[in-house]
Amino acid sequence: MLQCIFLLSDSGEVMLEKQLTGHRVDRSICAWFWDQSIVQGDSFKFLPVIASPTHYLFQVVRDGITFLACTQVEMPPLMGIEFLCRVADVLSEYLGGLNEDLIKDNFVIVYELLDEMIDNGFPLTTEPNILREMIAPPNIVSKMLSVVTGNSSNVSNTLPGATASCVPWRKTDLKHTSNDIYVDLVEEMDAIINRDGTLVKCEIYGEVQVNSHLSGLPDLTLSFANPSILNDVRFHPCVRLRPWESNQILSFVPPDGEFKLMCYRVKKLKSIPIYVKPQLSSDSGTCPISVLVGIRNDPGKPIDSVNVDFQLPPCVSSADLTSNHGTVNILANKTCSWSIGRLPKDKAPSLSGTLMLQTGLEQLHVFPSFRVSFRIQGVALSGLKIDKLDMKNLPSKPYKGFRAVTKAGEFEIRS
């Protein structure tokens with residue numbers, strides 16, 4: 001049972017404090033939590049679960065905002081962490097992002113959402129579609145009305161339609177003029193490539209995202225051509241577990257609108273779509289640098305939004321870098337950002353130049369790691385393929401759409 005939730009900024013300031021039970025928690029618990037931070041470079045790291053002398057603390061970090069919950073009784077740690085992740089997702093969806101200013105400007109809505117999402121320390125309503133019926137998302141009209149009328153509450157006076165439904169995430173009488181459903185495979189590739197070009201790690205984190213606008217109470221079945229490649233699967237509450245455990249089939253009654261149907265991992269992949277070959281050598285106070293980027297395994301679709309970033313070592317005083325494709329910028333924090341855009345197939349973009357070392361240094365002793373980002377529309381690099389989507393209990397034939405996209409996650413090349 002959670003007793004209190006805090007929202008902390010990067011500086012440790014308490015932006016929001018929500019007591020969940022009658023047992024008040026001293027705000028100094030936040031100061032104690034901040035003292036447990038582990039400094040790594042320019043950032044702070046925290047353990048997901050911390051045991052204080054009097055409390056257990058759970059925390060997640062999203063976009064510089066720390067979501068901190070505490071309890072005095074033992075409880076499943078993953079329940080606390082999962083609830084905080086759900087709170088972060090709902091706030092991000094409601095506010096159009098997450099940052100300190102958005103939370104302060106919409107303090108009332110954030111507080112109202114927490115009131116509905118948790119009851120006396122126990123998770124209650126966490127489905128975004130139901131919360132939208134109970135609490136209106138912020139917009140310009142509602143803000144103007146609150147100023148004119150003095151009523152700052154966005155809470156509806158009527159219960160959401162899902163309360164009378166046999167499935168709590170869906171209304172009973174939904175009607176749409178055009179029935180359609182879109183299924184997207186969205187994947188992020190994490191990879192680490194060693195100095196000698198060896199692929200140390202390569203795996204994909206993926207999500208099955210659905211945008212459903214179907215009338216009535218549809219019953220859907222989604223199957224994959226190769227479900228055996230999936231690991232660490234996690235489902236939306238609408239998914240029936242028994243069909244998946246027996247036949248690897250997703251059987252569900254969908255919420256209305258956008259929702260995340262399933263998360264998964266695909267581990268131990270053997271190939272990556274692009275290569276990055278850095279070469280650095282240093283002598284007599286200078287360090288020539290050359291970086292080549294090209295297509296390693298053609299995915300069959302254009303590789304867009306390619307960007308290569310690396311942090312200049314502290315011993316580098318200045319840098320002179322040019323490229324034959326894209327633009328190169330050196331930011332104030334000594335980060336070099338090479339924006340390539342779409343990767344051409346007829347030539348390999350290259351970056352070259354010289355790094356000048358500080359006076360008195362002859363050689364470079366710390367070599368940078370290169371972080372790569374890219375986006376490939378229309379391809380799921382894990383190899384996962386949707387076989388078919390069957391639908392029942394629909395008044396008319398719906399339109400079905402399928403898409404896939406892969407982008408880089410933690411994609412790192414060591415030099």
> Among all residues two or more places apart in sequence or in another chain, which pass the side chain to side chain contact (heavy atoms under 4.5 Å, CB included) test with Val233?
Replying inline: Leu230, Phe235, Trp244, Met262, Tyr264

> Going by atom types alone, do Asn120 and Thr21 pair a side-chain donor with an acceptor below 3.5 Å?
Replying inline: no

>> Please enumerate all residues that pass ring-ring contact (aromatic ring centres under 6.0 Å, His included) together with Phe259, with sequence neighbours excluded.
In response: His236

>> Assess, by modelled atom type and distance only, whether the side chains of Gln311 and Thr335 contain a donor and an acceptor separated by less than 3.5 Å.
In response: yes

>> Before you tell me yes or no, could you show the steps for Leu102 and Tyr94 under side-chain contact (heavy atoms from CB on, under 4.5 Å), namely the whole-Å CA-CA distance, both residues' side-chain angles and the distance that decides it to 0.1 Å?
In response: CA-CA 10 Å; Leu102 281 172; Tyr94 257 77; over 6 Å; no

>> My understanding is that only residues two or more places apart in sequence, or in another chain, count here; which of them pass side chain to side chain contact (heavy atoms under 4.5 Å, CB included) with Leu343?
In response: Ile274, Val293, Ile295, Ile303, Val306, Ile340, Pro349

> If you measure from the Lys or Arg side-chain nitrogens to the Asp or Glu carboxylate oxygens, is any gap between Arg375 and Asp304 under 4.0 Å?
Replying inline: no

Under 3.5 Å, which donor-acceptor pairs link side chains of residues 65-78 to any protein atom two or more places apart or in another chain?
from  : atom 1 : to    : atom 2 : distance (Å)
Thr71 : OG1    : Met1  : O      : 2.5
Thr71 : OG1    : Val73 : N      : 3.2
Thr71 : OG1    : Val73 : O      : 3.4
Gln72 : OE1    : Gln3  : NE2    : 3.4

> Going by the side chain to side chain donor-acceptor pair (under 3.5 Å) test, which pairs reach into residues 54-63, not counting sequence neighbours?
Replying inline: Arg62-Asp89

>> According to side chain to side chain donor-acceptor pair (under 3.5 Å), does anything in residues 397-414 pair up with another residue at least two apart or in another chain? List the pairs.
In response: Asp184-Arg403

> side chain to side chain contact (heavy atoms under 4.5 Å, CB included) with Thr177: which residues, sequence neighbours excluded?
Replying inline: none

> Which residue pairs pass the salt bridge (charged side-chain N to carboxylate O under 4.0 Å, His left out) test when at least one of the two sits in residues 293-303, sequence neighbours left out?
Replying inline: Asp298-Lys345

> Looking at Thr354, Ile330, Asn329, which one forms a side chain to side chain contact (heavy atoms under 4.5 Å, CB included) with Leu321?
Replying inline: Ile330

> Of all residues at least two apart in sequence or in a different chain, which pass the ring-ring contact (aromatic ring centres under 6.0 Å, His included) check with Phe402?
Replying inline: none

>> The criterion is ring-ring contact (aromatic ring centres under 6.0 Å, His included); which residues satisfy it with Trp338, sequence neighbours excluded?
In response: none

>> Looking at Phe107, I'd like to know if the NZ or CZ of Lys104 sits under 6.0 Å from its six-membered ring centre while staying within 45 degrees of the ring's axis.
In response: no

>> Please enumerate all residues that pass ring-ring contact (aromatic ring centres under 6.0 Å, His included) together with Phe411, with sequence neighbours excluded.
In response: Phe374

> Hey, does the Lys NZ or Arg CZ of Arg371 hover above the aromatic six-ring of Phe310, less than 6.0 Å from the centre and inside 45° of the axis?
Replying inline: no

> Counting only heavy atoms not in Lys334, do more than 12 fall under 6.0 Å of its NZ?
Replying inline: yes

> For Asp101, which residues count as a side-chain hydrogen bond (donor to acceptor under 3.5 Å, both in side chains) partner, sequence neighbours excluded?
Replying inline: none

> Are Glu203 and Lys267 within salt-bridge range, i.e. N to O under 4.0 Å?
Replying inline: no

>> Ignoring hydrogens, what is the shortest heavy-atom contact between Ser415 and Phe367? Give both atom names and the distance.
In response: OG-CB, 3.6 Å

> Just checking, any donor-acceptor pair under 3.5 angstrom between side chains of Glu116 and Thr125?
Replying inline: no

